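One structure below.
Predicted model only: the values in this text are computed from it and were never measured. All heavy atoms count here, side chains included; hydrogens, waters and symmetry mates do not.
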Amino acid sequence: MLDYIVVGLGLSGIAVSRNLEKRSKHFVVFEDNSQKSSLVAGGLFNPVILKRFTLAWNANEHMKIAIPFYKELEAKLQAKIVYPIEIYRKFFSAEEQNNWFEAADKPLLSEYLDTDLVKNINPCIPSEYSFGRVRQTGIIDTDVLISEYRNYLKNEDKIKFERFDYNDLQVNADSVSYKGISARKIIFCEGFGMQHNPFFNYLPLRGNKGEYLTIYSEELQLEEAVKSSVFIIPLGNNLYKVGATYNNQDKDPQPSKEAREELEKKLAKLISCKFEVVDQSAGIRPASKDRKPMLGRHPKHKNLYCCNGFGSRGVLISPTVSGQLIEFAENDVQLPPEIDLQRFNRKHFSA
Ligand SMILES: Cc1cc2nc3c(=O)[nH]c(=O)nc-3n(C[C@H](O)[C@H](O)[C@H](O)COP(=O)(O)OP(=O)(O)OC[C@H]3O[C@@H](n4cnc5c(N)ncnc54)[C@H](O)[C@@H]3O)c2cc1C
């Protein structure tokens, strides 16, 4: 009998699987390529909320765990995954500059916010009020991470590229069975695909569509990430990612004309040089109602677990909280209440 079945191999499933591997657990993953959130993500790790200049939820703790986690994977998979890159926040007013200085005075933020403002970063990106630099930021190449980790699991015979069909799951007293595979436990990491999961679709998963453009510009010559009304993220070879959009109404996984127009318009305001759109991608962020991850054990079925709700910052958050989930599943170490899916029990499972 296996220890675990894992359903879904986006950022959440990868973090769960690595945490299982580190504890020498035997598992198999099911992955059907139905969701693209992790694949199309900008992959940025950034501890600061750049709208308000506040620290993202538990960001210090997550930074300490996430960066070594991806570096270790980089070494294991022998693939380049982690790219340190500075983020420059364009200011729109003197008030924003003041807010930045105030934030940089706070103990938890001081190590990330540079108080030496930068007047010019690039001739194509003028800014009347300069730029603020965020330190210790970077990009995880999620495309490479996902394809390399899938290849690795394939070579280990630990992944099945097929849809997990919930109708065929048999939940027993101390195990689960699925198409001839028995395991002690199952962990669902399907992102927005969780809406089809009859065991966990009671959880308030909202879904927020995000789209990016890939542009080509010879003139831009930008090596840093820039945050203004959109992010510009350099990809190399004169290619840049531009985005992302946020849309909690549209759940169509295909790229949309509206998003392209919105992003092109914002970019044309931000940069003064020519660019050409060469690609567009879309994914549905698995956002929760209270914007916190939703992890834990099913209230009625003790062998069923869920690791979801990474509506944003999945890169930074998933390594830490998936480790906490496995500690809970294996050793009953309680999950922090703010991420434990029990917070939704009262509404759905009152006695
Ligand atoms: C445009 C955009 C930009 C973003 N930028 C960033 C960023 O810069 N930094 C950051 O940290 N986060 C970013 N995010 C958010 C980030 O992508 C998410 O936090 C993260 O990808 C969620 O990962 P996940 O594994 O939970 O879900 P997903 O990536 O959706 O993965 C779920 C996996 O489960 C599989 N699956 C689902 N159902 C089944 C089934 N029945 N059987 C088998 N397999 C199944 C799917 O195919 C998929 O591979 C962005 C998101 C978007 C859309």
Side-chain angles (χ1 to χ4, degrees), residues 1-32 38 61-79 81-82 140 142 144-162 164 169-191 200 293 295-298 301-308 310 314-336 339-341:
M1 184 185 297
L2 291 174
D3 294 309
Y4 286 86
I5 294 172
V6 178
V7 181
L9 201 77
L11 288 171
S12 167
I14 289 177
V16 162
S17 301
R18 268 309 283 156
N19 273 292
L20 290 175
E21 282 193 288
K22 283 184 189 165
R23 289 163 180 81
S24 304
K25 298 296 168 198
H26 296 108
F27 65 95
V28 67
V29 176
F30 284 82
E31 170 54 50
D32 70 350
S38 300
E61 179 195 354
H62 296 148
M63 285 285 280
K64 281 188 198 117
I65 292 175
I67 312 309
F69 173 90
Y70 293 112
K71 288 206 166 139
E72 196 200 19
L73 260 175
E74 203 172 39
K76 183 180 177 65
L77 302 172
Q78 299 196 341
I81 296 168
V82 186
I140 299 301
T142 55
V144 171
L145 168 66
I146 290 169
S147 63
E148 291 296 327
Y149 195 64
R150 284 181 186 180
N151 279 342
Y152 160 75
L153 289 183
K154 193 174 156 205
N155 291 337
E156 298 271 307
D157 209 13
K158 285 184 180 164
I159 187 163
K160 294 186 185 297
F161 293 103
E162 61 187 62
F164 184 89
L169 179 67
Q170 196 183 316
V171 183
N172 313 314
D174 285 313
S175 65
V176 294
S177 322
Y178 180 77
K179 295 187 176 173
I181 300 171
S182 294
R184 288 195 294 122
K185 293 169 183 176
I186 183 165
I187 305 183
F188 293 103
C189 313
E190 317 103 312
F200 285 104
L295 288 89
R297 183 188 283 150
H298 191 278
H301 304 289
K302 64 179 182 164
N303 310 319
L304 271 50
Y305 292 78
C306 160
C307 188
N308 212 314
F310 302 104
V315 165
L316 203 53
I317 299 172
S318 58
T320 309
V321 299
S322 61
Q324 292 170 331
L325 179 67
I326 306 303
E327 273 304 294
F328 171 59
E330 285 298 307
N331 302 320
D332 242 348
V333 178
Q334 283 309 298
L335 285 165
I339 61 170
D340 192 332
L341 53 79

Does a sphere of radius 6.0 Å around [atom1] in [X] hold more than 12 heavy atoms from other residues, nucleotides or ligands, not counting ones at 6.0 Å or beyond?
X	atom1	result
His26	NE2	no
Asp157	CG	no
Glu156	CD	yes
Lys154	NZ	no

Separation of [Y] [atom2] from [X] [atom1] (nearest 0.5 Å):
X	Y	atom1	atom2	answer
Ile140	Ile146	CD1	CD1	11.5 Å
Lys71	Glu74	NZ	CD	7.5 Å
Asn308	Phe310	CG	CZ	7.0 Å
Phe164	Ile5	CZ	CD1	5.5 Å
Ser17	Leu9	OG	CG	5.0 Å
Cys306	Leu295	SG	CG	6.5 Å

Minimal non-hydrogen separation, [X] against [Y], with atom names:
X	Y	answer
Met63	Leu316	SD-CD1, 3.5 Å
Ile159	Glu31	CD1-CB, 4.2 Å
Thr320	Glu61	CG2-OE2, 3.5 Å
Ala329	Lys185	O-NZ, 2.6 Å
Val144	Ala79	CG1-CB, 4.0 Å
Cys189	Val16	SG-CG2, 3.9 Å

Given side chains that start at C-beta, do those of [X] and [Y] come closer than 4.5 Å, heavy atoms only?
X	Y	value
Tyr178	Val28	no
Ile326	Ile187	yes
Asn19	Leu325	no
Tyr70	Pro319	yes
Arg184	Asp174	no
Ile186	Asn303	no
Phe188	His298	no
Glu190	Phe200	no

Keeping the roles fixed (side chain from [X], backbone from [Y]), state whether a donor-acceptor pair exists under 3.5 Å.
X	Y	answer
Ser12	Cys307	yes
Arg150	Phe161	no
Asp3	Phe27	no
Ser38	Leu11	yes
Gln324	Pro336	no

- request: Begin with the C-alpha distance, continue with both residues' side-chain angles, and end with the deciding distance and a verdict on side chain to side chain contact (heavy atoms under 4.5 Å, CB included) for Lys179 and Lys160.
  value: CA-CA 12 Å; Lys179 295 187 176 173; Lys160 294 186 185 297; over 6 Å; no
- prompt: With respect to Glu330, which candidate in Arg23, Lys22, Lys25 satisfies the salt bridge (Lys or Arg N to Asp or Glu O under 4.0 Å) definition?
  reply: Lys25
